[in-house]
Amino acid sequence: MKANLFIRTSLLILASLMLGCSTMSGEKDTARSLTREAKVALDDLFAANPSAKILAENAKGILVFPSIVKGGLLVGGQYGKGVLFEINKPNEYYSSVAASYGLQAGI
């Protein structure tokens, strides 16, 4: 019973911290910065794997998460922001949040 309460409390605290951690000011600056990072990540993928570029040419859209931060000690979580490119232009912005518990440690 106490373990479940501890886990739920820890998950709520972790989720609150992750959602509250924003270091960029303004949505336009965030969107520009995120788009730039996503384009660099996509270019790196295409350079390392030419077949990915061929696949991308036939795709209707590509969702790129340039980085996802993960960490945990018994209770873990991850958070990242991504960009959906359609016809090589940023169309939408997404975020990914996940939490887990169990035997884990690391960043």
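These values consider heavy atoms only, across backbone and side chains, with no hydrogens, waters or symmetry-generated copies. What you see is a predicted model, and the numbers here were worked out from it, not measured in a lab.
Here the OG1 atom belonging to T30 is positioned 10.0 Å from the OH atom belonging to Y93, to the nearest 0.5 angstrom. Residue N58 holds its CG atom at 12.5 Å from NZ of K53, rounded to the nearest 0.5 Å. Considering CG of L63 and CG of L42, their distance stands at 10.5 Å, rounded to 0.5 Å. Atoms CZ and OG, on F46 and S51 in that order, are 10.5 Å from each other to the nearest 0.5 Å. Distance OG/S96 to OH/Y79: 9.0 Å, rounded to 0.5 Å. L45 contributes atom CG, which lies 8.5 Å from atom CD1 of I62 (distance to the nearest 0.5 angstrom).
Using a 4.5 Å heavy-atom threshold, the side chains of I68 and K81 count as separate.
The two residues G82 and P66 come nearest to each other via the heavy atoms CA-CD, 4.4 Å. Scanning all heavy atoms of the two residues, the minimum distance from P90 to T35 falls at CG-CG2, 3.8 Å. Looking at every heavy atom in both residues, G61 comes nearest to E86 through CA-CG, 4.2 Å.
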ask   = Can you list the steps and then say if N91 with F85 is a side chain to side chain contact (heavy atoms under 4.5 Å, CB included)?
value = CA-CA 6 Å; N91 187 24; F85 290 99; over 6 Å; no
request  = Check the pair V83, Y94 against side chain to side chain contact (heavy atoms under 4.5 Å, CB included), reporting the backbone distance first and the verdict last.
outcome  = CA-CA 6 Å; V83 180; Y94 291 84; over 6 Å; no
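Residues L34 and F65 do not share a hydrophobic cluster, clusters being chains of Ile/Leu/Val/Met/Phe/Trp/Tyr side chains in contact below 4.5 Å.
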